[in-house]
Student: 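A single structure is presented below for examination.
Only heavy atoms go into these numbers, but all of them, side chains included; no hydrogens, no water, no symmetry mates. Proteins get letters first, then strands, A, B, ... in listed order; numbering begins at 1 in each.
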2 protein chains.
Amino acid sequence: MSDQVSPLAPDSFPEMPVVAGVRTASVAAGIKYKNRNDVLLVELAEGTTVAGVLTRSTTPGAPVAWCREILPKGSGRGLVVNSGNANVFTGAAGAAAVRETASAAAALLSCSPDEIYVASTGVIGEILAHEKITAKLPDAVGALSASDWDGAANAIRTTDTFAKGASATAEIGGKTVTIAGIAKGSGMVQPNMATMLSFVFTDAAIPAGLLQALLPPLADRTFNSITVDSDTSTSDTLLLFATGKAGNAPPSGIEDAALDGFKQALESVLRELAILVVRDGEGATKFIEVRVSGAESDASARKIALAIANSPLVKTAIAGEDANWGRVVMAVGKSEQPIDVSKIRIGFGGIDIAVGGMRDPNYDEAPVAAHLKGQEIGIDVDVGIGSGRSTVWTCDLTHGYISINADYRS
Amino acid sequence: MSDQVSPLAPDSFPEMPVVAGVRTASVAAGIKYKNRNDVLLVELAEGTTVAGVLTRSTTPGAPVAWCREILPKGSGRGLVVNSGNANVFTGAAGAAAVRETASAAAALLSCSPDEIYVASTGVIGEILAHEKITAKLPDAVGALSASDWDGAANAIRTTDTFAKGASATAEIGGKTVTIAGIAKGSGMVQPNMATMLSFVFTDAAIPAGLLQALLPPLADRTFNSITVDSDTSTSDTLLLFATGKAGNAPPSGIEDAALDGFKQALESVLRELAILVVRDGEGATKFIEVRVSGAESDASARKIALAIANSPLVKTAIAGEDANWGRVVMAVGKSEQPIDVSKIRIGFGGIDIAVGGMRDPNYDEAPVAAHLKGQEIGIDVDVGIGSGRSTVWTCDLTHGYISINADYRS
């Protein structure tokens with residue numbers, strides 16, 4: 001947790017609604033950080049369904065393996081999250097730490113251990129002292145409250161400089177349903193199936209199978225479309241809990257029109273949380289939206305957009321407020337996606353720079369330079385062969401990133 | 001060209017031998033840089049054969065397209081290289097600039113334009129003032145000399161902080177043959193079929209077809225196994241010229257045992273040049289060799305090694321002399337290659353840190369910390385499932401990289 005808040009942070013944590021059937025509590029277990037809460041407990045009402053999207057890393061943390069194991073059951077009664085230790089690459093001891101934590105929480109919440117979700121982030125490779133967590137769980141149960149989202153979002157921070165939350169409402173069959181989510185993440189962010197950690201709660205009644213069908217495509221367009229540094233976390237976890245307390249009639253299937261508003265609202269919450277992660281990118285001073293169009297497919301457009309968004313040379317040029325659009329050309333080229341060079345169009349801030357495979361003869365750098373002085377940078381690229389499109393969000397690469405990461409663990 | 005020489009640079013430019021049939025000259029054309037030579041002309045004896053490996057970028061420069069077009073002819077009489085402007089994304093004007101340059105050089109060297117190789121590096125997207133080059137070619141022809149490798153290597157530099165050369169000798173059928181090469185590159189370096197620019201010359205007599213068969217696998221193990229910043233240049237070009245002046249009997253084919261010594265010597269020159277590019281990586285303070293073993297195949301091992309070598313979090317940890325081996329775990333995981341987590345072994349500087357999927361219980365950080373204080377860092381990873389192996393070379397990621405790239409073009 002840095003003392004200096006990202007210049008791209010929102011002014012304050014948002015007002016967030018109560019979600020019926022969800023209560024949270026944060027406690028200080030002293031896992032790594034001193035003088036702050038580092039464990040979040042969430043209690044979920046009986047009947048809560050769950051969906052999840054987990055990291056595709058082949059060296060996932062023990063909590064990720066646990067969530068993957070219990071997700072098919074689709075039932076959630078509790079969630080325990082700690083910051084400061086990722087419980088990754090910790091062998092049998094790591095798996096035992098998760099089981100012990102789940103069992104302790106299950107006993108306190110009167111449910112089965114396979115209804116307790118667990119997530120951890122922080123240092124990799126150190127044994128997690130789970131007894132520090134379980135010792136504090138009774139205190140946490142005593143402190144459960146329905147409205148402390150700010151506290152919940154703070155407890156899960158590591159290098160994050162601000163707490164991240166977002167919410168929305170929608171209607172399902174005439175009933176208002178509420179969605180509220182929190183996230184953490186700042187570095188090691190190129191989620192591959194989810195962000196580092198994000199937990200989203202709704203009081204909608206949606207069967208687990210349907211919830212699980214609904215989540216991945218929305219994750220692809222939101223959390224899987226951000227990158228800070230191209231590094232994929234071992235702990236990426238996105239969990240969506242639906243308590244059913246809103247009392248709506250359960251939708252009949254993924255295509256049920258009654259779900260349309262809910263899908264939109266959920267996507268907006270996920271997008272808002274994903275963008276907040278980018279806005280807290282380690283060392284970030286500029287927020288960058290890369291919009292690629294004219295590609296062979298949406299998937300191809302996303303590869304091109306990520307090649308641009310991950311290019312250290314593009315990101316340092318933006319940091320330096322340098323209209324070095326040639327580096328965008330380079331990044332498009334290194335993506336090895338189908339393009340028509342002679343039709344490539346590139347713009348910064350909505351201003352055309354290149355058209356038809358070379359610099360626009362009328363190109364005037366002044367307005368582009370002015371755009372680059374701002375905090376919100378737009379890069380548009382059309383590759384001229386199809387209708388595939390994708391938007392990806394990232395931040396610039398600055399001295400701040402180096403400072404944070406050259407001595408994070410020490 | 002920076003004033004400050006990389007701390008990883010060799011003490012001086014090496015002694016380099018004359019290669020019979022090769023003469024070079026450097027001139028100052030004022031393309032971008034002032035008060036330095038920025039154009040290299042190489043004259044090659046009649047009968048010189050050529051092989052090349054060019055960038056896989058889909059936005060290649062006009063010179064790359066030209067080289068690709070003339071390579072099948074396999075005959076080289078001249079090479080013109082300029083620094084300061086890459087002649088990339090310059091449309092029809094860029095292609096014309098290459099043709100004009102080749103024609104002017106061909107007239108002066110009494111050969112056909114399709115025997116003149118052209119390469120450019122520098123800024124992308126600006127029209128190359130080829131008339132500045134062609135105006136200086138007569139001077140260059142008058143200044144041709146057989147021994148100025150240092151001058152040649154200097155003329156092709158852009159952000160390089162030192163000139164790069166390497167040489168070797170071998171025997172083919174009892175005749176001694178000589179190999180000498182130069183290279184440039186410092187940033188935008190994750191070559192994908194070659195480095196930014198490297199030109200290698202030999203007096204061996206080797207038919208063009210055989211030369212072209214021989215080069216790509218050696219390029220894969222050398223130039224294609226380095227990375228500075230994961231960004232692939234639009235101009236990557238590796239050319240190998242063989243003048244035949246050594247008078248050896250031409251080998252019968254790629255498997256001819258008479259070529260064994262030559263292949264080894266050539267690979268050593270390519271490896272030495274590739275490593276010099278890494279040692280001049282923008283902002284580099286540490287040279288890193290990543291050795292991956294136990295993978296499903298050599299290709300899989302290379303993907304894992306590149307995931308480690310390209311990870312900003314691994315590279316900043318090394319910059320900070322932080323034994324944060326957990327970031328190596330993360331990078332292995334993000335490569336999505338087949339591994340057995342429970343058998344992963346990780347070491348820094350030859351010292352085991354992790355064995356059997358978790359930290360070695362006897363791990364002592366002190367000797368690893370001492371190793372990280374040095375300039376030459378070794379990272380060993382065994383992923384425990386096969387016999388595939390790969391070595392990749394990279395450098396750390398520092399404030400220097402940010403400083404250089406946040407204001408390179410401006």
Student: To check you understand the geometry: which heavy-atom pair defines the closest contact between B:Trp325 and A:Gly125, and what is its length?
Tutor: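 That would be CH2-CA, 3.5 Å.
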Student: Can you name the closest pair of heavy atoms from A:Asn405 and B:Arg327 and give their distance?
Tutor: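 Smallest interatomic distance, heavy atoms only, reads O-NH1, 2.9 Å.
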Student: Give, as side chain, backbone, both or neither, the part of A:Ser342 having an atom under 4.5 angstrom from any heavy atom of chain B.
Tutor: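 For A:Ser342, neither part sits under 4.5 Å from chain B.
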Student: Considering only heavy atoms and a distance below 4.5 Å, find which of B:Val329, B:Val88, B:Val341 pairs most often with chain A.
Tutor: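 Greatest number of close heavy-atom pairs with chain A: B:Val329.
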Student: Between A:Leu313, A:Asp229, A:Leu397, who has the most heavy-atom pairs with chain B when the cutoff is under 4.5 Å?
Tutor: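 Looking at each of A:Leu313, A:Asp229, A:Leu397 in turn, A:Leu313 comes out on top.
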Student: For chain B, which of A:Gly91, A:Ala317, A:Ser311 has the most heavy-atom pairs under 4.5 Å?
Tutor: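 Heavy-atom pair counts peak at A:Ser311.
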Student: Nearest 0.5 Å please: distance from the OG1 atom of B:Thr234 over to the CE atom of A:Met330.
Tutor: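 One finds 8.0 Å between OG1 of B:Thr234 and CE of A:Met330.
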Student: Could you tell me which non-hydrogen atom of A:Asp231 sits nearest to which non-hydrogen atom of B:Lys334, and how far apart they are?
Tutor: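 Where A:Asp231 meets B:Lys334 most closely, the heavy atoms are OD1-NZ, 2.6 Å.
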Student: Does atom NZ of B:Lys303 have more than 12 heavy-atom neighbours from other groups under 6.0 Å away?
Tutor: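 No - once you tally the heavy atoms of other residues, nucleotides and ligands closer than 6.0 Å, there are 12 at most.
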Student: Taking all atoms of both residues into account, what is the closest heavy-atom pair of A:Thr58 and B:Glu336, and its distance?
Tutor: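 So the two residues come closest at CG2-CA, 4.0 Å.
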Student: Does any heavy atom of chain A fall under 4.5 Å from the side chain of B:Ile339, the backbone, both, or neither of them?
Tutor: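 Only the side chain of B:Ile339 comes within 4.5 Å of chain A.
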Student: With a 4.5 Å cut-off on side-chain heavy atoms, are B:His399 and A:Ser403 touching?
Tutor: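 They are in side-chain contact.
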Student: Quick one: which of B:Gly326, B:Ala354, B:Pro338 has the most heavy-atom pairs under 4.5 Å with chain A, could you say?
Tutor: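 Highest number of pairs under 4.5 Å: B:Gly326.
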Student: Determine whether B:Tyr401 and A:Ile402 make a side-chain contact, defined as any pair of heavy atoms from C-beta on separated by less than 4.5 Å.
Tutor: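 No; the side chains remain at least 4.5 Å from each other.
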Student: So which residue, B:Val332, B:Thr90, B:Asn310, ends up with the most heavy-atom pairs under 4.5 Å with chain A?
Tutor: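 Between B:Val332, B:Thr90, B:Asn310, the count favours B:Thr90.
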Student: Distance from A:Thr316 atom OG1 to B:Glu282 atom CD, nearest 0.5 Å?
Tutor: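 Output value for this atom pair is 8.5 Å.
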